[in-house]
Amino acid sequence: MSTPWFADPAPGYVPPHATCSELSDKFDELDIGEDEKGSYESVPVEAEGVDIPPPVTSFQEMRFSATSLNDNIRRCNYVKPTPIQSHAIPVAMIGRDLMACAQTGSGKTAAFCFPIINAIVVDKTRITIRRVSGGATAFPVALILAPTRELSCQIDEEAKKFSYQTGVKVVVAYGGAPIFQQLQNLARGVDILVATPGRLVDLIERRRVSLKNIKYLALDEADRMLDMGFERQVRRIVQQSEMPPPGARQTMLFSATFPAEIKRLASDFLSNYIFLAAGKVGSSTALIVQRVEYVPDMKKREYLINLLTSQITEGAGLMLIFVETKRGADALERWLCRQGYRSAAIHGDKVQVERERALRSFRLGYTPILIATNVAARGLDIPHVAHVINFDLPRAIDDYVHRIGRTGRAGKSGLATAFFNDKNLPIAKGLAELMQEANQQVPTWLAEYAQRSCEGSNRSSRHDYYRNNGFVDDYSSQYGTSMESPYDDHFASSSGGATTLNSPYAADSYGEVTASGWDY
Ligand SMILES: Nc1ncnc2c1ncn2[C@@H]1O[C@H](COP(=O)(O)OP(=O)(O)OP(=O)(O)O)[C@@H](O)[C@H]1O
């Protein structure tokens with residue numbers, strides 16, 4: 001891909017929206033060389049549970065009855081299943097519940113989509129829409145929940161691509177976008193509903209969606225969906241709606257990280273489940289070269305410019321820069337633009353149209369630098385992201401794992417650079433452990449910080465650190481109202497035109513900014 005670092009897009013350029021007719025073209029974007037996949041094929045997979053079906057080594061062995069699904073897998077150029085697909089798909093195909101942890105970029109989306117699509121094609125009895133007084137109610141048979149709007153859209157596009165010409169209808173519903181269009185799409189019938197929790201609760205309350213017929217439930221980024229920010233809404237959807245209980249539905253939870261306490265909590269949603277871990281739980285892939293530089297706050301911009309200059313010389317791909325606050329994202333974007341670098345920013349205070357525009361223009365290379373808060377940390381699969389920079393390190397190591405996972409995907413290599421300074425002492429131990437696990441060179445000075453961080457507190461492991469620090473209330477007390485939440489539109493629900501906060505955490509944590517930040 002030619003990367004127009006300084007090239008101006010046409011005046012008034014607005015990145016186009018993908019349409020269904022473009023879906024067949026999307027298959028062409030996928031060309032993953034066999035040789036690049038070798039490194040993740042060797043990842044060992046551990047399984048816990050009873051009567052675990054053996055893994056398979058090819059898509060043919062998965063025996064999907066839907067021939068069009070097999071055709072679509074071929075169109076995607078998926079020659080061989082990834083390790084998590086090899087193990088998880090046979091489990092899902094026999095109808096068992098599943099909790100699966102696998103490294104970023106290792107194909108978890110297909111691992112839950114393929115069995116769902118196949119089962120829906122086989123099941124001819126489904127009713128997806130029923131007319132009731134006052135409008136139509138949609139009765140999806142499968143529900144996929146994801147924490148951010150952009151990730152929901154991406155899963156929707158993937159699911160549409162995988163179910164191309166199968167007759168399976170996929171609809172997405174997420175906050176920040178006009179509800180009218182989504183209601184129209186739902187009224188045409190839906191087999192698989194992909195949604196963010198906030199918008200889904202709204203649709204259930206308006207009686208436009210009933211979860212009575214749900215047979216398959218998948219939670220992507222499941223650890224995020226079940227932590228304090230989302231747990232209440234997810235319980236409302238899964239346990240206090242008409243959704244059939246565990247055992248009467250199939251539930252699949254996927255993520256690259258699963259802190260122990262979230263794993264315990266998740267078992268409430270599952271019945272006789274199998275736990276799969278591809279690689280070490282919460283580890284990062286060795287395909288990502290990780291560098292850590294000691295950079296005082298005052299020097300960060302200077303260091304960044306040096307990195308940008310060297311990347312341009314090398315003619316590399318897209319660069320994703322993570323910062324901690326929304327204000328910080330805007331400030332860095334303005335500054336980089338003033339320096340002549342085409343960049344865009346994405347965070348939770350931008351309206352949805354701006355967020356989508358920034359992401360699209362980044363994907364297309366018009367703005368090859370994207371400055372993002374945690375809202376872009378999870379799940380996004382953007383080809384050609386060559387370099388992830390943690391300009392501000394996150395406070396939870398699992399967030400770091402997801403952030404750097406935006407590069408080094410599907411067997412491709414990537415580079416991640418982190419700017420570390422004394423403020424990041426609490427993450428030092430987790431960072432050093434993680435780098436060691438991924439066979440990265442840990443600088444001596446970082447090992448010393450890691451040692452100090454253990455002595456200075458009882459945060460003996462990165463999962464303990466996550467437990468102590470990963471939650472909403474802690475963010476607000478440290479950073480005030482401009483701090484970006486790692487969560488999406490789950491706090492606010494709108495009914496009768498008024499936007500209300502429906503989480504006890506929301507108001508405490510964010511004050512007024514929450515309402516405007518979560519542009520539901
Ligand atoms: N069997 C396969 N062969 C080749 N490429 C694949 C295969 N399965 C998935 N991919 C590709 O790998 C990339 C990453 O997949 P996906 O987004 O599902 O990863 P993920 O594990 O969900 O990552 P994350 O943890 O970041 O959400 C996608 O571009 C996808 O098309």
Side-chain angles (χ1 to χ4, degrees), residues 4-5 7-19 146-157 172-182 194-196 198-199 202 318-382 385 388-389 391-392 403 406 481-492 494 499 510 512-520:
W5 282 86
D8 271 324
Y13 169 79
V14 178
H17 280 263
T19 63
T148 66
R149 301 160 189 176
E150 289 76 13
L151 182 54
S152 307
C153 290
Q154 180 182 296
I155 296 170
D156 170 60
E157 282 194 13
V172 66
Y174 56 96
I179 201 163
F180 178 70
Q181 183 62 51
Q182 294 173 5
V194 185
T196 52
R199 181 53 59 98
D202 190 358
L318 308 177
M319 184 183 272
L320 181 55
I321 304 174
F322 282 102
V323 297
E324 208 52 27
T325 65
K326 301 167 193 173
R327 220 177 285 157
D330 286 335
L332 192 58
E333 180 200 10
R334 276 195 302 273
W335 184 76
L336 282 173
C337 287
R338 278 203 304 272
Q339 306 303 309
Y341 293 94
R342 301 211 60 80
S343 45
I346 183 166
H347 59 68
D349 263 1
K350 293 212 176 240
V351 295
Q352 192 54 26
V353 174
E354 289 174 318
R355 278 165 62 158
E356 284 173 22
R357 188 176 300 157
L359 204 56
R360 217 159 247 284
S361 137
F362 180 59
R363 271 183 203 278
L364 294 171
Y366 285 107
T367 46
I369 302 170
L370 184 70
I371 301 125
T373 55
N374 258 351
V375 80
R378 284 183 177 246
L380 297 184
D381 186 52
I382 302 168
V385 174
V388 172
I389 297 178
F391 187 88
D392 299 322
R403 284 179 178 191
R406 296 319 97 213
T481 52
S482 68
M483 181 66 197
E484 172 71 327
S485 157
Y487 315 117
D488 218 324
D489 65 347
H490 53 297
F491 286 137
S494 68
T499 297
Y510 295 101
E512 287 172 12
V513 160
T514 311
S516 61
W518 305 117
D519 35 39
Y520 189 83

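Counting from 1, the numbers follow the sequence of the chain as shown. No hydrogens, no waters, no symmetry mates; every other heavy atom, side chains included, goes into these values. Everything numeric in this text was worked out from a predicted model, so none of it was measured.
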Discussion item. Using side-chain heavy atoms (C-beta onward) and a distance below 4.5 Å, is Asp330 in contact with Lys350?
Written reply: yes
Fill in: For Val375 against Gly348, the heavy-atom pair lying closest together
CG1-N, 4.5 Å
Discussion item. Please find the pair of heavy atoms, one from Ala372 and one from Leu320, that lie closest to each other, and give the distance.
Written reply: CB-CD1, 4.1 Å
Worksheet item: Mind checking what makes side-chain contact (heavy atoms from CB on, under 4.5 Å) contact with Ala377, not counting sequence neighbours?
Response: Phe322, Asn374, Arg403
Discussion item. Could you measure the distance from the CD atom of Glu150 to the CZ atom of Arg378? Nearest 0.5 Å is fine.
Written reply: 14.5 Å
Worksheet item: Do Ile321 and Leu336 come close enough that some side-chain heavy atom pair is under 4.5 Å?
Response: yes
Item to complete: Would you name the heavy atoms of Gly365 and Pro368 that are closest together and state the gap between them?
Response: O-CD, 3.6 Å
Worksheet entry | Closest approach of Ala146 to Ile155 (non-hydrogen atoms, all atoms of both residues) | CB-CD1, 3.8 Å
Worksheet item: Taking atom CG of Leu370 and atom CD1 of Ile382, what is their separation to the nearest 0.5 Å?
Response: 6.5 Å
Worksheet item: Is the backbone N or O of Ile371 less than 3.5 Å from a side-chain atom of Glu333, with the two atoms forming a donor-acceptor pair by type?
Response: no
Worksheet entry | Over all atoms of both residues, closest heavy-atom pair of Ala358 and Thr367 | O-OG1, 4.3 Å
Discussion item. So, taking the atom named CZ in Arg363 and the one named CD in Glu356, what distance separates them when rounded to the nearest 0.5 Å?
Written reply: 10.5 Å
Worksheet item: If you measure from CG on Leu359 to CZ on Arg149, what distance do you get to the nearest 0.5 Å?
Response: 13.0 Å
Practice prompt. Would you indicate whether the side-chain heavy atoms of Gln182 and Tyr174 approach each other to under 4.5 Å?
Written response: yes
Worksheet item: Measuring from Asp392:CG to Leu332:CG, what's the distance to the nearest 0.5 Å?
Response: 8.5 Å
Worksheet item: What distance separates Ile389 CD1 from Met319 CE, expressed to the nearest 0.5 Å?
Response: 4.0 Å
Worksheet item: If every non-hydrogen atom of Leu151 is compared with every non-hydrogen atom of Pro147, which pair is closest and at what distance?
Response: CD2-CD, 3.9 Å
